[in-house]
J.: 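Take this structure first; my questions come after.
These numbers come from the heavy atoms of this one structure, side chains and all, not from hydrogens, waters or symmetry mates. Small disclaimer: the values here were computed from a predicted structure and weren't measured. The chains referred to below are lettered A, B, ... by the order of the sequence lines, with proteins before strands, and numbering in each begins at 1.
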There are 2 protein chains.
Amino acid sequence: MSNAETAGPAAKRKPDISPERCDYTKFLDIVSSKWSALILYALEDGPVRFGEMGRRIEGISKKMQTQTLRQLERDGLVHRELTPSIPPVVDYSLTPLGRSLIGPLQELKRWASIHHGEVMQARDNYDRTLERAD
Amino acid sequence: MSNAETAGPAAKRKPDISPERCDYTKFLDIVSSKWSALILYALEDGPVRFGEMGRRIEGISKKMQTQTLRQLERDGLVHRELTPSIPPVVDYSLTPLGRSLIGPLQELKRWASIHHGEVMQARDNYDRTLERAD
DNA sequence: CGGGATCCCAAAAGATACTG
DNA sequence: CAGTATCTTTTGGGATCCCG
């Protein structure tokens with residue numbers, strides 16, 4: 001308290017929100033990549049093999065599938081089980097930690113399914129209003 | 001049904017998950033940028049002026065603040081109110097749509113605050129296991 | 001079958017300078 | 001005060017080819 005930094009009358013002064021401290025940022029860090037949630041969904045009903053998963057998720061490449069799975073595995077959300085036969089068999093499944101994410105994720109899907117129309121309409125409106133301003 | 005596409009015995013064949021159709025993808029499209037949720041949080045307790053917001057959010061640049069606010073405004077989550085005095089005063093606030101997002105977002109913060117430690121530990125573990133494999 | 005390695009591109013974000 | 005404009009850097013993702 002030695003510093004003459006006594007706050008002004010408006011009260012709020014110094015930063016109280018930061019990316020590093022925000023838990024939502026931590027969440028994004030884990031599952032904001034394009035394919036991560038999609039992979040979690042594919043695993044929702046039980047273990048799935050790599051190839052099967054690839055066929056179920058439209059448009060994913062082997063590279064992105066592998067890369068995203070590695071991240072999820074590294075974060076402890078997904079378990080990888082290799083059966084070293086020839087050809088090899090690799091099964092992926094949710095860990096308990098991974099499964100604990102399904103609930104919150106479904107909340108978001110609900111929000112989006114309910115409100116996405118409003119968002120699109122707001123965008124339209126915003127864009128058309130700008131056009132008229134030329 | 002003219003196509004001889006009768007499914008094999010393993011049942012699951014064609015893609016049933018896609019980025020375009022997934023509601024979670026739509027959600028990410030709206031609030032996955034680095035600063036968007038932080039700005040929503042800054043508005044949680046009521047209207048805030050541009051400068052005040054900037055001081056509250058650590059590390060944000062004016063450019064990113066403006067850019068993110070424009071996106072949120074375009075999507076109908078944030079309302080912008082300009083008082084054309086000199087110098088100008090601009091207040092930002094949540095719209096009802098924006099406020100409807102706060103709940104789901106808090107779910108995620110809760111998940112992250114509870115489980116982030118496990119994730120970090122899993123990462124550590126994964127990385128150290130890899131190091132030993134040289 | 002289930003990857004790894006490499007190259008390339010587009011989008012997001014940051015730095016800096018200028019303005020009504 | 002609250003922006004805009006421009007430039008550069010960083011990151012994420014896709015394409016392609018190779019491997020045990």
J.: For dG2(C), take OP1 and OP2 only and decide whether either is under 4.0 Å from a side-chain N or O of Arg49(A).
T.: yes

J.: Tell me the interatomic distance from Ile57(A), atom CD1, to dG14(D), atom P, rounded to whole angstroms.
T.: 12 Å

J.: Please tabulate, for the side chains in residues 86-97 of chain B, all donor-acceptor contacts under 3.5 angstrom to protein atoms that are two or more places apart in sequence or on a different chain.
T.:
residue, atom, partner, partner atom, Å
Tyr92(B), OH, Arg70(B), NH1, 3.4
Tyr92(B), OH, Arg80(B), NE, 3.3
Thr95(B), OG1, Gly76(B), O, 2.6
Thr95(B), OG1, Leu77(B), O, 3.2
Thr95(B), OG1, Leu97(B), N, 3.4
Thr95(B), OG1, Gly98(B), N, 3.0

J.: Can you sort out the partners of Lys34(A) under side chain to side chain contact (heavy atoms under 4.5 Å, CB included), two or more places apart, ordered by chain and number?
T.: Pro19(B)

J.: Along nucleotides 5-20 of chain C, 5' to 3', which nucleotides get a B, which get an S, and which get a -, given that the test is a protein heavy-atom distance under 4.0 Å?
T.: -B------BBB----B

J.: Expressed as a whole number of angstroms, how long is the span from Gln65(A):CD to dG12(D):P?
T.: 19 Å

J.: Answer yes or no: does a side-chain N or O of Tyr92(B) lie under 4.0 Å from OP1 or OP2 of dC1(D)?
T.: no

J.: Taking only residues two or more places apart in sequence, or in another chain, which ones meet Asn125(A) in a side chain to side chain contact (heavy atoms under 4.5 Å, CB included)?
T.: Arg128(A), Thr129(A)

J.: Roughly, in whole Å, what's the span from CD1 in Ile39(A) to P in dG2(C)?
T.: 14 Å

J.: Between Gly54(B) and Ile60(B), what is the shortest heavy-atom contact and its length?
T.: O-CG2, 4.0 Å

J.: To the nearest Å, give me how far apart CZ (Arg70(A)) and C1' (dG13(D)) are.
T.: 17 Å

J.: May I have the distance from Glu52(A) (atom CD) to dG3(C) (atom P), rounded to whole angstrom?
T.: 15 Å

J.: Could you tell me how far apart Asp29(B) (CG) and dG12(D) (P) are, to the nearest whole angstrom?
T.: 17 Å

J.: Among all residues two or more places apart in sequence or in another chain, which pass the side chain to side chain contact (heavy atoms under 4.5 Å, CB included) test with Ser33(B)?
T.: Ser36(B), Thr68(B), Gln71(B)

J.: Holding to side chain to side chain donor-acceptor pair (under 3.5 Å), I want the full list of residues that pass it with Lys109(A), two or more places apart in sequence or in another chain.
T.: none

J.: Enter the inter-axis angle for the ends of the helix from dC1(C)-dG20(D) to dG20(C)-dC1(D) (five pairs per end, rounded to 10°).
T.: 50°

J.: Kindly write out the residues that satisfy side chain to side chain donor-acceptor pair (under 3.5 Å) with Glu58(B), not counting sequence neighbours, or none if the list is empty.
T.: none

J.: CG of Leu130(B) versus P of dG4(C): gap in Å, rounded?
T.: 10 Å

J.: Excluding sequence neighbours, so at least two apart, what forms side chain to side chain donor-acceptor pair (under 3.5 Å) with Asp124(B)?
T.: none

J.: Can you list everything that forms a side chain to side chain contact (heavy atoms under 4.5 Å, CB included) with Ala122(B)? Sequence neighbours excluded, please.
T.: none

J.: What is the distance, rounded to the nearest whole Å, between atom CG of Asp91(B) and atom P of dC1(D)?
T.: 14 Å

J.: Which of residues 73-81 of chain B have a heavy atom under 4.0 Å from DNA chain D?
T.: Arg80(B)

J.: Please identify each residue that fulfils side chain to side chain donor-acceptor pair (under 3.5 Å) with Glu118(B), with sequence neighbours left out.
T.: His115(B)

J.: Indicate whether any N or O donor in one side chain lies under 3.5 Å from an N or O acceptor in the other, for Glu107(B) and Gln106(A).
T.: no

